[in-house]
Every structure is written in C-alpha cells, then in structure tokens.
Protein chains: 2
Amino acid sequence: MPVAELLPVIDVTACCAPLTRETIEPSNAEDLAHSLKALADPARLRLISMVASHEGAEACVCDLTEPLGLSQPTVSHHLKVLVDAGFLSRDKRGVWAYYSLVPGALDSVAHLLATV
Amino acid sequence: MPVAELLPVIDVTACCAPLTRETIEPSNAEDLAHSLKALADPARLRLISMVASHEGAEACVCDLTEPLGLSQPTVSHHLKVLVDAGFLSRDKRGVWAYYSLVPGALDSVAHLLATV
DNA sequence: CACAGACATTGACATCCGTCGATGTCTCGT
DNA sequence: ACGAGACATCGACGGATGTCAATGTCTGTG
C-alpha cells in the first residue's frame, strides 16, 4: 500500500500554509496532489454531492449506483478512494454500508487552495 | 481538442452552487473534475506556488526548470495545462515567457469545494 | 544574414486510472 | 442450515497521463 494512503486530508491540511503564501515543499505538494486526485473525477464529485444532499447526510451504495449510472463494483471502488483520502467515512450497519462526509475535509483542501 | 479545454475555471465557477449544497449536475461535475485534474499533480502545484511567491508574482520557464528538477519540455507541458485550465496566464515578452496567477481562479475552485 | 538561446511541439514509452464481469464475504430471513 | 441480497475484491482491458529526447519556431545579437 502506498504511503499516501495513510495520509488523509486532515493530515495534509495541518502541515502547511496555503499554496500561494510561500513555496510549497515537494513532499507537501505530493500529499496535496494525492488529495486532489481523489476529487478530480466526475463520478467521485457526484458521489460526494449525492451523499451530502441525501437525507440524513448519508447514503448506502444501493442509493448511489442507479442514479450514477455505473456498475456496483465501480461505485464501491470510487467510494473506497474517497474514504482512503479522508473525504468520506464508512459505517457498516447490518447488510448496508452507509457513507457520509467527513466534517472539515473538503474545507481543508479549499483552504489550502484559497489565496485570500 | 476536447471541449473542456475551452472551459477555464472562471466559467466553471459561474455555473453552480458549492458541491455539497445540492446534487451537482453531471456536466458540471465533469467541468470541475477537469479543473481539479489540472491541479492534481505535484509538479503543477509546485509551479503555481513558485510563480505566486516569485518576485513580481511572475516567472519565466528558465526560473522554474532547475528548482523543479524536470526537463524544460516537461515544465512547458505542465504550464500549458495550467494555462488551458485558466489558473495561469502567459505573457511573452521578447524571448521569455512570463507566467503569472490568474486572479480569483484558485479561489473559485476553493469556493466550490467549501461547505461553509 | 547567420547564430545562439528561450520556449513550444512532436513522438515515443512506461505507468496510472476508470471501468466492468466474475467471484468472494458477510448478514439476515426463512 | 440454506439461500438471497448487499457490498468488497480480483483480474483484465483500454484509454489517459507524466516524462524525456529530438526537433521546430521565434527573437535578439554579432
């Protein structure tokens, strides 16, 4: 497993100043790039958006597969990427796996990008 | 040339509410993903950071190649990706090409990601 | 006008990534 | 205990991406 898998967003954000404040360190650039890569996919952006606006602010795979128009394994794959990156959390209750937003994760990345 | 090349960040930001406010439209997700893909690379993040913190808030390719540790064609390639995505602007003066940040571009993406 | 230098473009290559079908694992109801 | 269903994992495949060497284009200089 790549090292980056062990560095979710919260750790990235605690490390350094916003991108344009000072020259970013190569290792920090690598971490931030890893977080952004997790977001830089249409299906994953839609998943985050769908989970956030779903009732109860959580959703199971069965809620997401059909509206997304992708196969169940593909949806599970994307969700895993988002969980590993620290943007979503997974809560298995019975047969279902419920995904919800990790509070502050998106804001951390947004803060690193913002110039003001 | 892909259509997305013609949709720099400013257009993406003018289109829709923050990601978690309401379910994002597939086409908007595609546009935002394209912008994020442009940022989701360590070399490109470092380029943005180096340009922003360079004196005069602009830098030419010759300023960037050596500290980045990549070949000149590769640096030119990354800069082109960032210009096409609307994050950097290019100003050719004489033999040199000066790159600088597009004001508000990073903030637009940051605003789309933020939840607050 | 030729030459040197800064940068862009091209072509090639290795790697990464999104996708799916097939299969595995676990839980619940019968 | 068995079967059904929800989800994860695996293996494979095609397309996208980062990188470089080689080459092209343009600008200023001797």
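FYI, side chains are in, hydrogens and waters are out, and symmetry mates aren't considered; it's all heavy atoms of this structure. In what follows, every chain begins at residue 1, and chains take the letters A, B, ... in the order their sequences are listed.
When the nearest nucleotides of DNA chain C are assigned to B/Tyr98 and A/Val81 by heavy-atom distance, the more 5′-ward of the two goes with B/Tyr98. Toward the 5' end of DNA chain C, the nearer of the two residues B/Leu79 and A/Ala43, judged by each one's closest nucleotide, is B/Leu79. Closest-nucleotide positions on DNA chain D for B/Ala40 and B/Val95 were compared, and the one nearer the 5' end corresponds to B/Ala40.
For the residue pair A/Ser100 and A/Ser89, a side-chain donor N or O sits within less than 3.5 Å of a side-chain acceptor on the partner. No hydrogens or angles considered: nothing links the side chains of B/Thr20 and B/Thr115 as a donor-acceptor pair under 3.5 Å. B/Thr23 and A/Ser53 share a side-chain donor-acceptor pair at under 3.5 Å.
The interatomic distance linking A/Lys92 (NZ) with D/dG5 (P) rounds to 16 Å, in whole Å. Per the geometry, CG belonging to B/Leu39 stands 14 Å off P belonging to D/dT17, to the nearest Å. As a whole-Å value, the separation of A/Leu47 CG from C/dT19 C1' is 14 Å. The distance between atom CG of A/Asp84 and atom C1' of C/dG18, rounded to the nearest whole Å, is 16 Å. Atom P of nucleotide D/dA16 and atom NE2 of B/His34 are separated by 12 Å, given to the nearest angstrom. Between the NZ atom of A/Lys80 and the P atom of C/dG18 there is a distance of 14 Å, given to the nearest Å.
The listed nucleotides are C/dT19, C/dC7, D/dA8; the one nearest the side chain of A/Val61 is D/dA8. Each of C/dC7, D/dA8, C/dC17 was ranked by its minimum atom distance to the side chain of A/Ser76; first place goes to D/dA8.
When the side-chain nitrogen and oxygen atoms of A/Tyr99 are compared with OP1 and OP2 of D/dA8, one or more of them lie within a distance under 4.0 Å. Look at A/Arg90 and you'll find a side-chain N or O under 4.0 angstrom from OP1 or OP2 of D/dA8. Regarding contacts with the backbone of D/dT19, a side-chain N or O of B/His78 is found under 4.0 angstrom from either OP1 or OP2.
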Mind listing the N/O atom pairs, protein and nucleotides 11-13 of chain D, below 3.5 Å?
none

Polar atom pairs (N or O), protein with nucleotides 20-25 of chain C, under 3.5 Å:
residue: C/dC20; atom: OP2; partner: A/Ser71; partner atom: N; Å: 3.0
residue: C/dC20; atom: OP2; partner: A/Ser71; partner atom: OG; Å: 3.0
residue: C/dC20; atom: OP2; partner: A/Thr74; partner atom: OG1; Å: 2.8

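Proximity of B/Leu64 to B/Leu79: side-chain heavy atoms (C-beta onward) are separated by under 4.5 Å at one or more points. For the pair A/Asp91/A/Tyr99, no side-chain contact is recorded, criterion being any heavy-atom separation below 4.5 Å from C-beta on. Here the side chains of B/Glu30 and A/Pro42 are in contact, with some heavy-atom distance below 4.5 Å.
To the nearest 0.5 Å, atom CZ of residue B/Arg46 and atom CD1 of residue A/Ile24 are 9.0 Å apart. In this structure, the separation between CG on B/Leu45 and CE on B/Met50 is 12.5 Å, given to the nearest 0.5 Å.
Among the atoms of the strands shown, only primed sugar atoms or phosphate atoms (P, OP1, OP2) are found under 4.0 Å from some heavy atom of B/Arg44.
Between B/Arg93 and B/Glu58 there is a salt bridge, with a side-chain nitrogen of the basic residue lying less than 4.0 Å from a carboxylate oxygen of the acidic one.
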